[in-house]
Amino acid sequence: MGSEAESFFALSPYACLLLRFDCRIMRVNVAYEELLGYAVAEVVDHNFYEFIHPDDHRTVNKLEQRLSQRSCVQYMDVRARAKSGHYIWLRFKCISKVEEKKIFAYVISQGIPVGIENEQQHDSWEERFAILSNATSSLIALCSLHDNRFLEVNNRFLQVTGYERSEVIGKNGEEIGLLRDGEKLADCYEAIQTKGTFHNLEMDFYTKKSEKRIGLFAGEIVYHQDQFCLLMVCTDITEQQLMKQEMLRLDRLHLVGQMAAGIGHEIRNPMTTVRGYLQMLSVRPEYGMHQRIFTTMIGELDRANQILCEFLSMARQPDGAHIDTDLREVIDSLVPLMQATALMQNKQIVTKLHDVAAIQGDPKEVRQLLLNLVQNGLDAMEAGGVLTITLKQEHNQTLLSVADQGPGIPAHILERIGTPFLTTKENGVGIGLTICYGIAARHQATIDVSSSPRGTTFHVAFPVHANESTTDHQEAAYPFFPPFSEKSTDFSEHFSYASHKLTEVLK
């Protein structure tokens, strides 16, 4: 020990001791003797464990292992036995020197000896804690620093988590399933051991019903009931995070809408011109031997146009008033078409349809929503798979479900479902489900997704008494394109019309 360290050790008002890595006491200073009442000869060359409460031996052992592995600073809270027989809570700051195999420790705070605490003070502290903690909207818990078990929680903690007080007190967060993120918990414990505090730690926690919520945690060491404790405060930010995600999703949808308008104006017109010329040239006798090439080029243009149609579908506002719509009739009218598509892929569609109340909606948009969900389900299944469409009434909602027997949706995709351009298909664009969510929103409906390795089910809940919503909208006029038909939104008729007009012009 250097001369400066020697002076600090001897003259420090802090109780100091020097240990070997085997926890044998090498030296103590005068302040340590005065604090615990021992003479130097009564402690030097004795094992440090002899003067520590048996329940705290594990804490010392953990510290010993950490300090023996690398030179570092650690904090330790233990009950030290005074010569009088009382135990005193002491907080040590420990500094190790691996090459010298020594540990220098000094007391930075001390608690009231066990059994001598003033009961009136204790009652006053409990009363103040109860008043303050129950007056806040945050979840507050007081935990033992020794074994992380809950000593006290506030009312808000019980309201949010759904636990009874008797189910929490005496247990730790991992035992009851409240905290499950081992990595974040390790960071929390490390911060407490090294810094004595932590702030703004975002971590998931779970209610008694296993509902996942998001909390912003902070913790501080306090002294209470003869021991050092962790006072932990959690702000429930679940709603804020969900709102943030929804705002990001809406921002992306808004961007997609702007892109769709630009794409429709800048790309569809030259595509129509090209397709018209190809159709005109394909009928000339001198190009008869190239019919296959013309058919391929026109088909690729039609495929590109279909993608543009999906973009425009997201950007276009509903063009008609919502009317009484019978979902069963809508599904029945589409079943032959869907069955034919499924049979071509060696798959099967089963319907379980009950009579339901009519909803206020746009039949065209409802058909598009159903066809998108069915197509996604068919694409997800291997040959021989069965897709089930269910329609039933529950209270004031009409429930439409589409269930496939595919491999399920990965968790990282499921939490972002409905995001534009998100797709697992090799040739997919990733806007079909975005369109479905937009249609559901316009019908005041909700879409829930449940998925497992046995398949995925989309549940669409339509309110029976939705408010009518009418939006006046006029499609932008594009050259060569007639107004949208009431019967179809298929753009093939628009291309035919454009080709016809183009041929007339060329003549």
Side-chain angles (χ1 to χ4, degrees), residues 55-78 89-96 98 103 105 108-109 133 136-154 156-157 160-161 163 168-208 210-224 227-242 244-245 411-412 415-416:
D55 290 345
D56 296 335
H57 284 186
R58 185 180 175 188
T59 301
V60 178
N61 182 255
K62 286 183 178 179
L63 177 86
E64 181 186 353
Q65 292 175 3
R66 286 195 296 266
L67 292 178
S68 63
Q69 292 170 1
R70 68 184 192 279
S71 298
C72 61
V73 177
Q74 294 283 332
Y75 291 85
M76 172 178 65
D77 300 308
V78 294
W89 274 103
L90 299 179
R91 176 152 235 250
F92 288 92
K93 184 174 184 179
C94 306
I95 306 168
S96 66
V98 175
I103 301 171
I108 60 174
S109 65
S133 65
T136 179
S137 60
S138 298
L139 289 70
I140 299 180
L142 189 67
C143 307
S144 167
L145 202 58
H146 171 64
D147 53 15
N148 304 315
R149 298 188 181 278
F150 290 109
L151 301 175
E152 188 57 69
V153 295
N154 69 341
R156 180 63 176 167
F157 182 103
V160 173
T161 63
Y163 287 100
V168 174
I169 303 302
K171 300 180 177 63
N172 63 44
E174 294 174 277
E175 285 179 354
I176 62 176
L178 181 75
L179 303 172
R180 304 178 186 178
D181 191 333
E183 187 176 340
K184 289 285 183 70
L185 285 172
D187 292 341
C188 170
Y189 297 147
E190 179 70 18
I192 285 295
Q193 289 292 333
T194 57
K195 301 176 183 178
T197 184
F198 64 89
H199 300 283
N200 298 325
L201 177 65
E202 186 174 313
M203 183 165 53
D204 295 338
F205 66 97
Y206 295 80
T207 67
K208 186 177 179 179
S210 290
E211 175 193 356
K212 184 173 80 170
R213 302 194 68 80
I214 306 169
L216 200 61
F217 288 79
E220 193 81 30
I221 291 179
V222 298
Y223 187 83
H224 173 59
Q227 61 179 316
F228 288 101
C229 304
L230 171 63
L231 180 62
M232 190 163 56
V233 180
C234 168
T235 303
D236 187 356
I237 59 172
T238 307
E239 279 70 29
Q240 292 92 319
Q241 291 294 88
L242 292 176
K244 180 179 177 181
Q245 293 175 10
H412 69 282
E415 63 185 15
R416 298 169 55 207

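Values below: all heavy atoms of this structure, side chains included; hydrogens, waters and symmetry mates excluded.
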Q: Just one of H199, E202, Q240 clears the side chain to side chain contact (heavy atoms under 4.5 Å, CB included) bar with L216, so which one?
A: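 With L216 as partner, side chain to side chain contact (heavy atoms under 4.5 Å, CB included) holds for just one option, E202.
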Q: Quick check: closest heavy atoms across C94 and M76, and the distance to 0.1 Å?
A: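 Nearest pair, atom of C94 first, then M76: SG-CE, 4.1 Å.
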Q: Which atoms form the tightest heavy-atom contact between D204 and L179, and what is the distance?
A: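 Scanning both residues completely, I find the closest heavy atoms to be O-CD2, 4.2 Å.
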Q: Nearest heavy-atom pair of M232 and C143: which atoms, and what distance?
A: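 For M232 and C143, the tightest heavy-atom pair comes out as CE-SG, 4.3 Å.
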Q: I'd like to know if the side chain of T238 reaches the main chain of I214, judged simply by a donor and an acceptor atom lying under 3.5 Å from each other, with no hydrogens or angles considered.
A: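 Side chain of T238 to backbone of I214, a donor-acceptor pair under 3.5 Å: yes, one is there.
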Q: R156 side chain to S138 main-chain N or O, any donor-acceptor pair under 3.5 Å?
A: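 The answer is no, because no donor-acceptor pair under 3.5 Å joins these two groups.
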Q: Would L230 and F198 satisfy side chain to side chain contact (heavy atoms under 4.5 Å, CB included), going step by step from the backbone distance to the final call?
A: CA-CA 11 Å; L230 171 63; F198 64 89; 4.2 Å; yes
Q: Roughly how far, to the nearest 0.5 Å, is CZ of F92 from CG of L63?
A: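 The CZ atom of F92 is 10.0 Å from CG of L63, to the nearest 0.5 Å.
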Q: Output the distance between atom CG (N200) and atom CZ (F217), rounded to the nearest 0.5 Å.
A: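 So the CG of N200 and the CZ of F217 are separated by 12.5 Å.
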Q: Would you say N148's side chain and N172's backbone share a donor-acceptor pair under 3.5 angstrom?
A: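 It does not hold such a pair.
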Q: What are the two closest non-hydrogen atoms of G177 and Y163, and how far apart are they?
A: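 That would be C-OH, 4.5 Å.
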Q: Please determine whether the number of non-hydrogen atoms from other residues, nucleotides or ligands lying under 6.0 Å from atom CD of E183 exceeds 12.
A: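 Result for CD/E183: open.
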Q: Going through the checks in order, is the side chain to side chain contact (heavy atoms under 4.5 Å, CB included) test met by R180 and M203?
A: CA-CA 9 Å; R180 304 178 186 178; M203 183 165 53; over 6 Å; no
Q: Donor-acceptor pair, distance only, cut-off 3.5 Å: does the side chain of T197 make one with the backbone of G219?
A: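 Yes; at least one donor-acceptor contact below 3.5 Å.
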Q: D56 and T59: side-chain donor and acceptor closer than 3.5 Å?
A: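 Result is no, nothing qualifies.
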Q: Going through the distances and angles, do I176 and T161 end up as a side chain to side chain contact (heavy atoms under 4.5 Å, CB included)?
A: CA-CA 11 Å; I176 62 176; T161 63; over 6 Å; no
Q: Indicate the atoms forming the closest heavy-atom contact of S96 with L67, along with that distance.
A: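 Looks like OG-O, 3.4 Å.
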Q: Run the numbers on K62 and R66 for side chain to side chain contact (heavy atoms under 4.5 Å, CB included), then give the verdict.
A: CA-CA 6 Å; K62 286 183 178 179; R66 286 195 296 266; 3.9 Å; yes
Q: Between CD1 of I237 and CZ of R213, what distance do you get to the nearest 0.5 Å?
A: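 Those atoms lie 10.5 Å apart.
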Q: Hey, could you give me the SG/CD distance between C229 and E152, rounded to the nearest 0.5 Å?
A: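 CD of E152 is found 11.0 Å from SG of C229.
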Q: Side-chain contact, heavy-atom cut-off 4.5 Å: Y75 with I221?
A: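 A side-chain contact under 4.5 Å is absent here.
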Q: Heavy atoms only: give me the nearest C188-L201 pair and the separation to one decimal.
A: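 Closest approach of C188 to L201, heavy atoms only: CB-CD2, 3.9 Å.
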